[in-house]
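Residue numbers start from 1 in every chain, and the chains themselves are labelled A, B, ... in the order their sequence lines are given, proteins ahead of strands. The analysis underlying the following values was restricted to heavy atoms, covering all of them including side chains, and did not include hydrogens, waters or symmetry mates.
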Number of protein chains: 2
Amino acid sequence: MPAEDIQQLSLHCSDCPIRHRAVCARCESTELDRLEEIKYYRSFEAGQTVIWSGDKMDFVASVVSGIATLTQTLEDGRTQMVGLLLPSDFVGRPGRDSAAYNITATTDIVMCCFRKKPFEELMLRTPHIGQRLLEMTLDELDAAREWMLLLGRKTAREKIASLLAIVARRDAAIQLRVAQGQLAFDLPLTREAMADYLGLTLETVSRQISALKRDGVIELEGKRHVTVPDFDRLLCEAGDDSDGGFLV
Amino acid sequence: MPAEDIQQLSLHCSDCPIRHRAVCARCESTELDRLEEIKYYRSFEAGQTVIWSGDKMDFVASVVSGIATLTQTLEDGRTQMVGLLLPSDFVGRPGRDSAAYNITATTDIVMCCFRKKPFEELMLRTPHIGQRLLEMTLDELDAAREWMLLLGRKTAREKIASLLAIVARRDAAIQLRVAQGQLAFDLPLTREAMADYLGLTLETVSRQISALKRDGVIELEGKRHVTVPDFDRLLCEAGDDSDGGFLV
DNA sequence: ACAGAACCTTGACCCAAATCAAAGAGACCG
DNA sequence: CGGTCTCTTTGATTTGGGTCAAGGTTCTGT
């Protein structure tokens, strides 16, 4: 989302640190002011579950700060992460009143919620909101499909490299650090969460990270801080030149 | 989509056998008549490529008859199917002018196309179309995420059983055959396409189908015709009680 | 400063699925 | 009818990643 859009949007939502990506920034309707009337905030601690799959969900929300995951599980406990919620991401589905996934906070998190009913009414009156939501949903669909390629066809090493590349890019975008040459960032996920994301076991994740380190593709400081000396090398390890992916 | 919607919709699109699911059936606006003005048909033979990923795509379309696949590939040829287009499915993305995936006809296929520009203009004037598209896109996203669970965490046998269950259900829905007890249908995919769908090799697909046959979960007649004596048994083999999935 | 917990790494071993290889079964065609 | 092509099955072997197990590192709370 271009910077000027964020700014313009913030005119409508001035006390809130979030960029409501659900809302069309180009729409100048005063309807958007009504978002202020129906919104409220909720906080969760790291590890807390925001909502369980199947539970009633009478709100939609944007992430203000922190990180949450969307996961699905089989009866026997096998878990697959199907999405990651980062600041400014939108969650919740107009027209459906129960959650489709478990949402879990992996860090302390603040969400900006809108009660679903009034939000839907606002959508009806303000087509631009729906259009923006459609755009966002299509982006998520593309990201999910790219992840399908990763889950179905990539090797463990490629999966790890892809994840690192995506996190690096996302981090660079957030920090607005222009990334020439060396990149450094903190992994926002535990080894286990990475495993659930990539369809691997945590042991394999650990082993492959060690292998990438041994081969000089990345450097590690502590468990979480990663330095990438040669981003192109990492991309090459990722098995494709994909420039997008899940974290969008 | 409920039957009455299809019927009501067909008022607006009477000569076309397709149910335009992209269009809100409940909308009585005469705007919908303009769809007639901007639509045209294209046919493809089995095996033909409709469009390559990255190509310019200046239309959106609904599938009238036949089956097509959406696939992504890595440079070395590894292929992952990320979607299956069945009659009445919508393809194409307002707001993006190149295709994100390879679209290939797996049977002879007829598509009902709308030039993108006028379709987008129509969307602007008719919010219900956008809303319906949003609904459909959210359904596709759910399906893609369910597929992520399958790709990341299910065994080969569970993958095959899941695919069979989904095809069986979809077939039953299309045929409007009420499915008490025994189900029978034709597989719409080659072993190789199934493999690309499930993230397996074609040999593994063949072996697992043979195993399910040997264990009495399914019966096979020829290579493609499948009979399911006990649908619950098949669901159980699929590893979850999922009632939806990719084919929607 | 110490105990405990949570998280991470590494090794040894195993197995499900990939790979390599060969042969069967239809479909189509001259 | 036999030949060829495409699709499918089955067998033998290999291997990537899972499983089980044992320690190592931080971090937190007392």
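- The span of DNA chain C lying next to chain A, judged by atoms under 4.0 Å from heavy atoms, is bounded 5' to 3' by C:dC7 to C:dA12.
- Remark: P of D:dT8 and CD1 of B:Ile209 are 9 Å apart, rounded to the nearest angstrom.
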Give me the distances for all protein-to-nucleotides 24-30 of chain D N/O pairs that come in under 3.5 Å?
residue, atom, partner, partner atom, Å
D:dT25, O2, A:Lys223, NZ, 3.3

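- For the pair A:Arg42 and A:Phe59, the distance from NZ or CZ to the six-membered ring centre is under 6.0 Å and the angle to the ring normal is within 45 degrees.
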Can you name the atoms? Protein N/O to nucleotides 17-19 of chain D N/O, anything below 3.5 Å, with the distance.
residue, atom, partner, partner atom, Å
D:dG17, OP1, A:Ala156, N, 2.8
D:dG18, OP2, A:Thr201, N, 3.3
D:dG18, OP2, A:Thr201, OG1, 3.1
D:dG18, OP2, A:Thr204, OG1, 2.5
D:dT19, O4, A:Arg207, NH2, 2.7

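- The side-chain contact (heavy atoms from CB on, under 4.5 Å) with A:Leu85 is formed by just one residue from the set A:Val50, A:Ile67, A:Thr104, A:Val63; it is A:Val63.
- Contact of the B:Met111 side chain with the B:Tyr41 side chain is not registered, since no non-hydrogen atoms from C-beta on lie closer than 4.5 Å.
- The distance between atom CD of B:Glu221 and atom P of D:dT9, rounded to the nearest whole Å, is 14 Å.
- Scored by the side-chain hydrogen bond (donor to acceptor under 3.5 Å, both in side chains) test, A:Asp186 finds A:His225 as partners (sequence neighbours excluded).
- Atom CD of B:Gln80 and atom CD of A:Glu146 lie 12.0 Å apart (nearest 0.5 Å).
- The side chain to side chain donor-acceptor pair (under 3.5 Å) contacts involving residues 48-61 of chain B comprise nothing, where partners must be two or more places apart or lie in separate chains.
- Applying the side chain to side chain contact (heavy atoms under 4.5 Å, CB included) criterion to B:Thr137, with sequence neighbours excluded, gives A:Leu134, A:Thr137, A:Leu138, A:Leu141.
- B:Lys223 meets the salt bridge (Lys or Arg N to Asp or Glu O under 4.0 Å) test with no other residue; sequence neighbours excluded.
- Stacking of B:Arg145 on the aromatic ring of A:Tyr101 is recorded, both the 6.0 Å distance cut-off and the 45° axial limit being met.
- Counting non-hydrogen atoms under 4.0 angstrom, B:Ser206 reaches a base of the nucleic acid.
- The CG atom of B:Leu220 sits 7 Å away from the P atom of D:dT9 (whole-angstrom rounding).
- Listed by chain and residue number, nothing satisfies the side-chain hydrogen bond (donor to acceptor under 3.5 Å, both in side chains) test with A:Asn102 (two or more places apart in sequence, or in another chain).
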Distance-only criterion, 3.5 Å: show the donor-acceptor pairs between side-chain atoms of residues 199-210 of chain A and protein atoms not counting sequence neighbours.
residue, atom, partner, partner atom, Å
A:Thr201, OG1, A:Thr204, N, 3.3
A:Thr201, OG1, A:Thr204, OG1, 3.0
A:Ser210, OG, A:Ser206, O, 3.0

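- Atom-to-atom, CD of A:Glu158 to P of D:dG16 comes out at 12 Å; the value is rounded to the nearest Å.
- Annotation: salt bridge (Lys or Arg N to Asp or Glu O under 4.0 Å) contacts of B:Arg93 (sequence neighbours excluded): A:Asp139, A:Asp142.
- A straight line from CZ of B:Arg224 to P of D:dT6 spans 15 Å, rounded to a whole angstrom.
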Ignoring hydrogens and angles, write down the donor-acceptor pairs under 3.5 Å from the side chains of residues 156-165 of chain B, residues two or more places apart or on other chains.
residue, atom, partner, partner atom, Å
B:Arg157, NH1, B:Glu237, OE1, 2.8
B:Arg157, NH1, B:Glu237, OE2, 3.0
B:Arg157, NH2, B:Asp215, OD2, 2.2
B:Glu158, OE1, A:Arg78, NH1, 2.8
B:Glu158, OE1, A:Arg78, NH2, 3.4
B:Glu158, OE1, B:Thr155, N, 2.9
B:Glu158, OE1, B:Thr155, OG1, 3.3
B:Glu158, OE2, A:Arg78, NH2, 2.8
B:Lys159, NZ, B:Leu198, O, 3.0
B:Ser162, OG, B:Lys154, NZ, 2.9
B:Ser162, OG, B:Glu158, O, 2.7
B:Ser162, OG, B:Ala238, O, 3.4

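- One axis for each end of the helix from C:dA1-D:dT30 to C:dG30-D:dC1, each built from five base pairs, and the angle between them comes to 40° at 10° resolution.
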